[in-house]
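Here the structure is laid out as structure tokens; the discussion comes afterwards.
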2 protein chains.
Amino acid sequence: MPVTIYDVAREAGVSMATVSRVVNGNPNVKPATRKKVLETIERLGYRPNAVARGLASKKTTTVGVVIPDISNPFFAEVVRGIEDIARMYHYNIILSNSDKNVDKELSLINTLLEKQVDGLLFMGGEVTEEHLNIFKTSTVPIVLAATKDSQNMFPSVDIDHYQAAKDAVEAFIQYGHQRIALITGPLTDPLTGLARFEGYKDALREANIPFREDYVRVGNYRYESGMEAMKFFLELSDRPTAVFATSDEMAVGAIHAIQDKGLTVPDDIEVRGFDNIPISSMVRPLLSTVSQPQYDIGAVAMRFLTKHMNEEPITEQNVILEHELINRSSTK
Amino acid sequence: MPVTIYDVAREAGVSMATVSRVVNGNPNVKPATRKKVLETIERLGYRPNAVARGLASKKTTTVGVVIPDISNPFFAEVVRGIEDIARMYHYNIILSNSDKNVDKELSLINTLLEKQVDGLLFMGGEVTEEHLNIFKTSTVPIVLAATKDSQNMFPSVDIDHYQAAKDAVEAFIQYGHQRIALITGPLTDPLTGLARFEGYKDALREANIPFREDYVRVGNYRYESGMEAMKFFLELSDRPTAVFATSDEMAVGAIHAIQDKGLTVPDDIEVRGFDNIPISSMVRPLLSTVSQPQYDIGAVAMRFLTKHMNEEPITEQNVILEHELINRSSTK
DNA sequence: CTGTTAGCGCCTTCAG
DNA sequence: CTGAAGGCGCTAACAG
């Protein structure tokens with residue numbers, strides 16, 4: 001039914017090798033022949049079969065990208081960076097959503113590898129032993145974006161989560177705050193959970209501010225959990241004067257909890273989020289946050305992957321990009 | 001380098017046909033043989049090559065999905081519906097982001113078709129003549145989700161945008177509003193732009209409320225444009241008492257413009273959005289909106305596509321799902 | 001229940 | 001500059 005390279009060859013009166021050459025932009029074709037072939041391709045509506053091509057050439061010019069949560073604006077922006085660079089290097093991308101589910105992640109990675117992608121970009125909460133094991137079975141390069149494995153076995157692009165959290169807390173301390181609360185993500189997550197938590201603790205310790213259990217609540221990065229955490233803090237007899245949430249959504253939830261109580265941000269309580277996703281500019285007061293270079297994380301990771309795929313020399317294996325404190329109206 | 005079905009066959013002392021059978025779950029294999037094969041697959045770490053399989057079987061068990069804007073929560077939720085049904089029917093998904101750019105859309109569709117997807121799910125702003133032309137060259141079924149072509153040539157799943165907008169405006173009218181403003185998307189878009197605009201106009205007309213040019217502003221669905229539009233309305237000598245924005249983001253922008261002016265929502269001005277994306281529950285006041293069954297749009301569209309791919313009998317070609325008015329705190 | 005044999009549509013030497 | 005021929009790894013009849 002569909003027209004093949006063979007049909008084109010026959011119609012154009014050349015061999016399929018020649019058709020293949022013009023389709024692939026091989027210069028060793030006489031302009032007249034090229035023209036003739038192009039015309040019959042057009043006339044017949046020939047569309048090259050990428051599957052056959054992939055089998056014959058052993059390259060698919062596509063990379064697999066696994067993303068943990070498609071509805072998270074943070075990753076959406078990372079994907080933008082990935083796509084732009086991919087297009088630049090003529091790679092297609094297969095985007096796969098894992099819903100933060102480890103089983104799905106492993107299964108997606110497998111599927112992607114079966115599909116013979118030329119490389120893989122992995123984003124996810126945590127890189128476990130299981131991940132590593134499946135990564136090791138890959139014959140194509142793999143790059144981790146917005147995460148890394150604990151042993152730095154695989155190339156990665158990320159920020160310094162520990163330092164980022166520490167900077168945020170230190171900013172509060174420098175402003176004179178002593179009662180600083182933390183709304184963190186699950187501490188089981190070594191990077192966005194634990195590392196940021198450590199940053200918080202160390203900042204306090206270095207300033208000789210005693211750590212208080214009741215100034216720390218664990219959320220799940222979502223709005224509701226930020227709200228719940230803040231409600232808890234508000235019940236405390238000596239409630240915090242500053243709150244650092246490790247996601248913008250939780251920070252916004254915290255702000256609303258504060259406002260619902262009749263208090264004001266930042267006058268009564270200051271709040272800072274993390275990530276700098278679009279919503280931080282779509283609330284009142286405008287949210288102060290710790291910004292991650294989302295687009296760059298994606299772009300650098302993709303560029304990194306192309307280097308591996310083309311076996312270009314690479315200098316550093318684990319890239320750390322800069323974070324930045326963004327001060328808007330939820331802090332003074 | 002990578003291990004092939006042939007290697008497994010040799011190691012297990014069977015033919016590749018047998019290996020193929022166990023890999024594909026064909027029951028015509030003696031349990032003992034199956035076990036033996038499975039073991040050597042495990043031992044060798046054999047991973048079937050989907051590209052070769054696709055070429056031989058002429059099926060890839062993957063469907064292409066083009067999404068106009070990966071950072072739009074609306075589509076993220078539609079994709080959820082698509083994925084769930086796809087998994088249920090054992091299809092993989094290739095998600096492609098078009099950035100609402102027509103050229104990119106056409107090029108993505110082409111790429112997806114070259115990759116021999118078994119079916120295509122298209123979401124996009126507008127379905128132009130060019131889209132139709134490329135759709136027609138496809139040998140695999142195509143379903144439109146959250147959109148439709150003007151001539152209903154292709155199967156589609158969508159809501160009645162005209163009626164949805166009309167319902168929203170009529171709700172304002174019934175509450176007694178006479179000065180009702182509209183913040184719309186580009187009118188060049190026949191569905192989310194024009195159709196909703198027509199719904200607005202007809203609602204007014206049927207209530208004998210004169211249409212006013214200065215009560216209509218065209219935005220781009222984003223926050224900023226909603227804010228700008230609202231600022232314009234607020235300058236009017238007889239400013240509107242109710243505002244209908246055809247996206248939640250624009251509605252939130254409008255609310256903030258109102259609040260920044262020292263006015264209150266809904267007491268001074270009522271506001272309603274469109275879509276019911278997560279942010280509508282993450283603002284103060286909580287946003288009233290017109291909800292689209294996002295997940296269902298995706299799920300129904302995907303189910304629809306599987307029917308086409310399996311040549312099951314189909315009853316209706318263009319499915320219209322129900323919308324719903326959600327009343328929260330930005331309206332009375 | 002299992003093996004043999006053709007391809008699937010294309011790329012890629014290798015000749016010419 | 002162009003053609004012939006041999007796979008790529010796997011599935012799908014068809015025998016047996």
Next item on the list: Output, in order, the C-alpha distance, side-chain angles, deciding distance and verdict of side-chain hydrogen bond (donor to acceptor under 3.5 Å, both in side chains) for R21(B) and N28(B).
Entry: CA-CA 8 Å; R21(B) 287 193 187 94; N28(B) 295 132; over 6 Å; no

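- A side-chain donor from one of R303(A) and T306(A) sits under 3.5 Å from a side-chain acceptor of the other.
- Minimum heavy-atom separation, A52(B) to L55(A): CB-CD1, 3.7 Å.
- Side chain of P31(B), nearest nucleotide from dT2(D), dC1(C), dG3(C): dC1(C).
- Between N26(B) atom CG and dG3(C) atom P there is a gap of 13 Å when expressed in whole angstrom units.
- Going from atom CZ of R10(B) over to atom P of dG9(D) covers 13 Å, rounded to whole Å.
- Counting heavy atoms from C-beta outward, Y89(B) and M309(B) have side chains that stay 4.5 Å or more apart.
- A side-chain contact (heavy atoms from CB on, under 4.5 Å) with I82(A) is found for one member of I297(A), V65(A), V63(A) and no other, namely V65(A).
- The distance from atom CD1 of I5(B) to atom P of dC8(C) is 19 Å, rounded to the nearest whole Å.
- Judged as a side chain to side chain contact (heavy atoms under 4.5 Å, CB included), and not counting sequence neighbours, the contacts of K59(A) are S57(A), D118(A).
- Between the CG atom of D7(B) and the P atom of dC8(D) there is a distance of 11 Å, given to the nearest Å.
- Between F135(B) and F122(B), the distance separating the two ring centers is shorter than 6.0 angstrom.
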Which donor-acceptor pairs under 3.5 Å do side chains of residues 314-321 of chain A form with protein atoms, sequence neighbours excluded?
residue: Q317(A); atom: NE2; partner: M153(A); partner atom: O; Å: 3.2
residue: N318(A); atom: OD1; partner: N152(A); partner atom: ND2; Å: 3.4
residue: N318(A); atom: OD1; partner: S156(A); partner atom: OG; Å: 2.8

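- As judged by a 4.0 angstrom heavy-atom cut-off over every strand, S20(A) is placed among the base-contacting residues.
- In this model, the phosphate group of dT11(D) is approached by a side-chain N or O of N24(B) to a distance below 4.0 Å at OP1 or OP2.
- Residue L132(B) comes nearest to Q151(B) through the heavy atom pair CD2-NE2, 3.7 Å, listed as atom of the first residue, atom of the second, then distance.
- Taking all atoms of both residues into account, the shortest heavy-atom contact from Q116(A) to P48(B) is OE1-O, 4.4 Å.
- Of the side-chain N and O atoms in T18(B), none sit less than 4.0 angstrom from OP1 or OP2 of dT2(C).
- Sorted by residue number, the members of residues 34-60 of chain A with any non-hydrogen atom under 4.0 Å from DNA chain D read L55(A), A56(A), K58(A).
- Residue A195(B) comes nearest to H161(B) through the heavy atom pair CB-CB, 4.1 Å, listed as atom of the first residue, atom of the second, then distance.
- An end-to-end axis angle of 30° holds for the helix from dC1(C)-dG16(D) to dG16(C)-dC1(D), taken from five base pairs per end and rounded to 10°.
- A12(B) and K36(B) make their closest contact through O-CE, 3.5 Å (heavy atoms, listed as atom of the first residue, atom of the second, distance).
- Of all nucleotides listed (dT11(D), dT2(D), dG9(C)), dG9(C) comes nearest to the side chain of T4(A).
- Under the side chain to side chain donor-acceptor pair (under 3.5 Å) test applied with R53(A), the options N24(A), T60(A), T61(A) reduce to a single match, N24(A).
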Hey, what are the protein-to-nucleotides 4-6 of chain D N/O distances that come in under 3.5 Å?
none

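- Across residues 108-119 of chain A, not one residue has a non-hydrogen atom less than 4.0 Å from an atom of DNA chain C.
- Donor-acceptor pairing under 3.5 Å is lacking for the side chains of N72(B) and Y221(B).
- Within the 4.0 angstrom heavy-atom criterion, only backbone atoms of the sugar-phosphate kind lie near V14(A); the bases stay farther away.
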